[in-house]
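Read the structure below first, then the notes.
Remember, it's a predicted structure, so these values are computed and weren't measured experimentally.
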Amino acid sequence: MKEFTKFEREKLLQLLECKEEELKILTEKSTKILQEDYNTYELLLKILQQGFNIREATLLGILLGQKLGYEKAKAEIEEEIKDKLYRAFKNSQ
């Protein structure tokens with residue numbers, strides 16, 4: 001998970017109307033939830049079960065989207081590389 005820049009952190013603190021320590025706790029909890037091996041439905045359910053308010057749940061949703069987007073891109077790139085290697089091997093024979 002990427003770290004927030006100073007500007008992003010200040011904006012998040014304003015948006016969530018929380019203190020620096022509360023934001024730290026929120027990001028730690030969200031990181032912990034996202035590191036677990038849940039499907040998307042279970043991840044969203046876990047977020048809602050934490051009792052966060054709507055703004056905090058939205059932030060967790062954004063972080064979840066980042067992670068899922070990264071994982072999907074990673075899988076697609078891996079498949080593309082495997083395919084290219086397979087074709088290169090096949091053409092060399």
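- When the side chain to side chain donor-acceptor pair (under 3.5 Å) test is applied to Glu22, no partner is found at least two apart in sequence or on another chain.
- Partners of Glu79 under the salt bridge (Lys or Arg N to Asp or Glu O under 4.0 Å) rule, at least two apart in sequence or in another chain, are Lys82.
- With a 4.5 Å cut-off on side-chain heavy atoms, Lys11 and Leu15 do not count as touching.
- Note that NZ of Lys90 is 12.0 Å distant from CG of Asp83, once rounded to the nearest 0.5 Å.
- Distance check, rounded to the nearest 0.5 Å: CG of Leu13 to NZ of Lys19 gives 11.5 Å.
- A search for side chain to side chain donor-acceptor pair (under 3.5 Å) contacts involving Glu80 returns Lys84, not counting sequence neighbours.
- Between the side chain of Glu8 and the backbone N or O of Thr5 there is at least one donor-acceptor pair closer than 3.5 Å.
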